[in-house]
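Take a look at the structure set out below.
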Amino acid sequence: MKTRLGLIALAVASSFSGAAMANYGLANANLEAVDTSKWECKRCEPVNGYHGEVSVGAGFVDAQDNHAANRLGDTDGFAGEVDADIRYRSETGYQAAIDANKLGSENGSVRLAAGKAGLANAAFNYGTQTHWKNDGAISPFAFANDGFALTGADVSHDLKVKRETYGFAFDLGGDLWNTYANFQRQDKTGARKASIYSGSIANVAAPIDSTTDRWEAGAKLAGQNWHTSAAYVASKYDNNLANAFDFGYQQAALGTAPSNEAYHVVLNGNYSLSRTHFAGRFVTGKMTQNDDLVQIGGLNGFDGEVKTTDASFRVASTVARGLRLTASYDYSDRENNSHVFGGNGISVDGLSGDITEYARYDITRNTAKLGASYRIAQGYRVDAGYEYKQVERSDLEREETNDHGVWGRLRVTALDNWNFGLKAGYSSRDGSEFEANRATSSEDNVLLRRYTIADRDRLEAEFKVSHTPLANLSIDATVRYANDDYSDSEYGLIEADDFGYDVSLNWGASDKLNLHAFVGQQWIESEQRNLFQTGTSFDQTEDRFLNAGFGSVYRGLFTDALSVGADYLYSDSESETSVTIGSTGQYGDYFATSHSVNLFSTYDLSEKMGLRLDYRYERYQDSDFANIDNIGNGNVVNLYTLGNLNHNYNAHLVMLSFSYAL
């Protein structure tokens, strides 16, 4: 049939002269009788002047545990925030924008930008982010003068991390070329849980105080079918505390993150032919550390330097109708050139008697991938790929590992109201002989295998389905399974299974009512054998995760001025570990459960003004068997804890917001 139509088209075309055929171009079309008044794309027309929306909210939080601020945004008491999405454009093309998200809360941000597209632009940003671990952690130790001292009474500490970030960015250029630069600074303060030993075992609230700066400058150049860019990226981390803390008579009992610097030079480029696309990337850099190592014995000087080189190349080509081939190669090298200067002191492990020293770890990775995608017929496509990864390491019990993996996928979209996707893969890892008795890994048993470098066979599969039985109803489901087999490991991780599913539903019940629901579960089961001086153990761990929720929005009450909605989210995670040493025992409780409810309503006072009322409820509970109460202020085997760090609370938030549309 296609051949006959082609011959007919050729015969018709041959009956016209070349000049006559040229008149059928779109540029020569006769539009005199065509009404083009409705062809205008009003959405594409730039809107001059101010437009957008600003919202101011005020309310209160009722929470007895500051951990609730991770979900509600503020701690107990007054809560206020400003949200904004404001745009301005002049007739000459200059623009300005203000974006604010929960500004004024403990997790808020704002961004100011101005400039003209294709000429010059500048932006400034500021934001805060606070993550609460615990409030009211109890410890008889307090931090002062770069050390921890016993106060004689319990002191309350807040375990939290606050990040304050601010910076600016600007660019200059047009469609074919562009230069840019930006700067970001992050100040991090707070306190964290740490453990130290000096005749007694103590958990303490270790301070956090650091500053991280990041600079980037670069240029971009583009042509009709190519693009290239170059950039210089530098970062500097300053720990504003000492590099080690004292504890009792033990000096440098707790180390901190050392100050360091790094820079990278980045080159990017891509080139496109008619059906083939090439892309490449090259990065070289160096990281340095001038802070000395924590003094152990005679080590008293350190000159840290690590050089990195990364390169990648990718090509994709449509070699035939419906057939697309891809290939990529990635190279990564990390070379540690650090030097340690010190006296004759050594450090001996008190348990094993082994001598320890600073080791310079080098690592090189080579990764190659091949892929193919073929359209069998309309709505039927198959994909397949192969991946090879080689990793070389120094000063570890296994110097080289090799990973081989293959995968395939079938996608079906030809059936009415149905989409299917099935993907499966297999990978295997092997490598050089283990040298577990070498000096650099003398604490490893000859039969112990780290799971990251041990021989492993991995089998995984995933099935996806989407169904739209009605025009306003969609259902999506995914099922996943993976198995890791470490059959050659005598001690260490032996096997792990990962299984899960996700189901979501969205239903536009009417023009005014929309409903949605989802549920997902995951199970991770693992088995491992351990070796001790007194014998062996067999451990089984099962981790379970559940997320489920539903919500609805109804619009159109009170002559379309009022909308109401509700969302509910339930999440639960639990871990159970059984240890068999002659008889089977269980670790203690380790779980986290939360219920989140959000009820909201919006009311349009006018075309430009509106009100929104939110009520949020949080029910949270967790338990970690390691978080035990303070045991008699050290009266039991000189053990000090930070008290009961588990959470069990109810929290409420009420917020009234006023919005104005420009």
Inset, instruction - Could you walk me through whether Asn243 and Thr256 pass the side-chain hydrogen bond (donor to acceptor under 3.5 Å, both in side chains) test, one step at a time? - result: CA-CA 5 Å; Asn243 66 337; Thr256 62; 5.9 Å; no
Inset, instruction - Decide if atom CZ of Arg555 counts as having more than 12 heavy atoms of other residues, nucleotides or ligands within a radius under 6.0 Å. - result: no
Inset, instruction - Indicate the atoms forming the closest heavy-atom contact of Glu106 with Ala69, along with that distance. - result: OE1-CB, 4.4 Å
Inset, instruction - Please confirm whether the backbone N or O of Ser623 pairs with a side-chain atom of Asp589, one donor and one acceptor, at under 3.5 Å? - result: no
Check this for me: does any side-chain nitrogen of one of [X] and [Y] sit under 4.0 Å from a carboxylate oxygen of the other?
| X | Y | result |
| --- | --- | --- |
| Arg616 | Asp614 | no |
| Lys102 | Asp74 | no |
| Glu462 | Arg480 | no |

Would you mind writing out the side-chain donor-acceptor pairs for residues 564-571 within the sub-3.5 Å range, not counting sequence neighbours?
residue: Asp567; atom: OD1; partner: His516; partner atom: NE2; Å: 3.4
residue: Tyr568; atom: OH; partner: His595; partner atom: ND1; Å: 2.8
residue: Ser571; atom: OG; partner: Ser594; partner atom: OG; Å: 2.6

Between [X] and [Y], ring centroids under 6.0 Å:
| X | Y | result |
| --- | --- | --- |
| Tyr620 | Tyr649 | yes |
| Phe625 | Tyr587 | yes |
| Tyr166 | Phe124 | no |
| Tyr615 | Phe600 | no |
| Phe170 | Tyr180 | no |

Inset, instruction - Would you verify whether the NZ or CZ of Arg449 falls within 45 degrees of the ring axis of Tyr486 while also being under 6.0 Å from that six-membered ring's centre? - result: no
Inset, instruction - Just do the side chain to side chain contact (heavy atoms under 4.5 Å, CB included) check on Thr541 and Glu576 with the steps written out, would you? - result: CA-CA 6 Å; Thr541 301; Glu576 293 183 357; over 6 Å; no
Inset, instruction - Hey, could you give me each pair passing salt bridge (Lys or Arg N to Asp or Glu O under 4.0 Å) that has a residue in residues 181-206? Not counting sequence neighbours. - result: Arg185-Asp213
Inset, instruction - Give the ring-plane orientation class for Trp523 versus Phe499, where under 30° counts as parallel, over 60° as perpendicular and anything between as tilted. - result: parallel
